[in-house]
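Please read the structure below before turning to the comments.
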Amino acid sequence: MDRLRRVVVLGVFLVIAFVAPDWPLAARAQGGRVYVSVTDSKGAPQPGVAAADLAIEVNGKPAVVTSVAPAAEPVSIVVVTEGIDRALISETRRMMKAVVTGARAIHPDSRVGLMVEDGAAAPVMHDVTKGAAALDAAIVRFFESSRNAPLLDSIFVASRTLALESHARRVIVAVTWGDAAPVDVMSPTKVAKAVRESGASLWALDLGGREAPLGTAEQRVLSDVTATSGGRRERTTVASITPLTERILATLRGQYAITFEDAFIAGTASPKIAI
């Protein structure tokens with residue numbers, strides 16, 4: 001692991017810093033357990049991370065790593081779309097199917113919710129195995145993003161939904177075209193707080209249509225909250241959203257669950273993980 005010299009600073013539940021383009025780390029903390037993804041420059045998960053490769057500090061003091069193992073827990077995922085019209089139906093449906101398939105590969109008890117109704121309505125969460133038929137039906141119902149659900153509202157609702165999930169591993173996947181970004185309504189601080197309290201990582205698949213100026217609420221969420229939550233903002237094309245989604249799910253599937261002796265109290269500690 002000599003090539004892995006990366007530091008991730010974790011806040012209450014989350015704060016992630018990608019400090020180098022190679023071997024990026026995506027980390028999520030849940031209580032005393034941290035979920036970490038280690039990938040190469042092509043985004044492929046890296047096997048073989050062991051306790052001896054890790055150095056953790058809590059409140060500036062060394063903490064003993066008690067276990068490092070491939071994460072085996074189920075994941076709960078909510079898919080959000082914004083600005084997607086009927087010309088993009090087929091690819092968006094394929095992307096949703098990739099989320100369901102990827103979540104099932106992570107664990108057969110994983111759960112997925114698809115925000116396909118009009119308005120920022122809370123999605124119904126379905127088991128990816130027992131609820132496969134219901135998820136297929138929801139995907140078929142998708143024709144275009146709701147015109148009554150700005151992106152930030154949808155992310156906020158997705159966060160509130162995931163906060164009620166029993167699975168500790170939680171993810172929001174937002175696919176956005178955003179050719180005419182709406183007037184900012186919800187505070188990005190409020191959205192960031194909701195994402196943080198949900199324990200979810202936010203992954204944004206940005207198709208590049210957004211013309212909103214930098215500094216708007218949506219841009220702040222897409223650029224900042226993705227990183228601080230342990231996710232990423234990926235700029236992509238319509239034809240690439242399905243393979244990119246598959247790569248994100250593979251990254252999640254390759255996560256490590258790391259526990260350490262000195263568990264931290266939310267709001268009082270900022271663990272540092274060096275690999």
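Considering only heavy atoms from C-beta on, His107 stays 4.5 Å or farther from Arg169 through its side chain. Residues Pro123 and Thr161 are in side-chain contact: their nearest non-hydrogen atoms beyond the backbone lie under 4.5 Å apart. At least one side-chain heavy atom of Arg232 sits under 4.5 Å from a side-chain heavy atom of Trp203. Between Ile155 and Glu82 there is no side-chain heavy-atom pair separated by less than 4.5 Å. Here the side chains of Ser201 and Val171 are in contact, with some heavy-atom distance below 4.5 Å. Within the 4.5 Å cutoff, no side-chain heavy atoms of Leu151 are placed close to those of Val221. Thr242 has its side chain within reach of Glu91: a pair of non-hydrogen atoms, C-beta onward, lies under 4.5 Å apart. By the 4.5 Å heavy-atom criterion applied to side chains, Pro188 and Val225 are not counted as neighbours.
Annotation: the span from Ile106 atom CD1 to Leu252 atom CG amounts to 5.0 Å, rounded to 0.5 Å. Interatomic distance, Arg104 CZ to Arg253 CZ, rounded to the nearest 0.5 Å: 12.5 Å. To the nearest 0.5 angstrom, Thr237 atom OG1 is 7.5 Å from Leu207 atom CG. Here the NZ-OG distance, from Lys193 to Ser198, works out to 11.0 Å after rounding to the nearest 0.5 Å. Taking CZ of Arg170 as the start and CG of Leu164 as the end, the distance is 8.5 Å to the nearest 0.5 Å. To the nearest 0.5 Å, atoms CG (Leu202) and CG (Asp224) are separated by 11.0 Å.
For Ala194 against Phe156, the heavy-atom pair with the smallest separation is CB-CD1, 3.5 Å. In terms of heavy atoms, Leu222 sits closest to Ala204 at CD2-CB, 3.6 Å. When all heavy atoms are compared, the tightest approach of Phe143 to Ile89 is O-CG1, 2.9 Å. Closest approach of Ser145 and Thr81 over heavy atoms only: OG-OG1, 2.8 Å. Nearest heavy-atom pair across Ala103 and Ser110 is O-OG, 3.0 Å. The heavy-atom pair separating Glu246 from Ala98 by the smallest distance is CG-CB, 3.9 Å.
Grouping the Ile, Leu, Val, Met, Phe, Trp and Tyr side chains by contacts below 4.5 angstrom, directly or via other members, places Val124 apart from Val78. In this structure, Phe142 is a member of the same hydrophobic cluster as Ile241, with clusters built from ILVMFWY side-chain heavy atoms closer than 4.5 Å.
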For this session: May I have the step-by-step check of side chain to side chain contact (heavy atoms under 4.5 Å, CB included) for Met95 and Val79, ending in yes or no?
Result: CA-CA 10 Å; Met95 178 276 301; Val79 177; 3.9 Å; yes
Problem set entry | Worked check of side chain to side chain contact (heavy atoms under 4.5 Å, CB included) between Arg141 and Leu114 | CA-CA 10 Å; Arg141 289 200 307 273; Leu114 305 171; over 6 Å; no
For this session: I would like to know whether Ser159 and Ile172 meet side chain to side chain contact (heavy atoms under 4.5 Å, CB included); could you show each step before the answer?
Result: CA-CA 8 Å; Ser159 299; Ile172 300 170; 3.4 Å; yes
For this session: List the steps, then state whether side chain to side chain contact (heavy atoms under 4.5 Å, CB included) holds for Ser223 with Arg233.
Result: CA-CA 6 Å; Ser223 299; Arg233 178 186 187 180; 2.9 Å; yes
Considering only distance and modelled atom types, tabulate donor-acceptor pairs under 3.5 Å from the side chains of residues 125-140, sequence neighbours left out.
from	atom 1	to	atom 2	distance (Å)
Asp127	OD1	Arg111	NH1	3.3
Thr129	OG1	Pro108	O	2.7

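Using a distance-only test at 3.5 Å, with no hydrogens or angles considered, a donor-acceptor pair links the side chain of Thr66 to the main chain of Thr259.
Thr176 and Asp206 are not linked by any side-chain donor-acceptor pair at a separation below 3.5 angstrom, with hydrogens and angles left out of the test.
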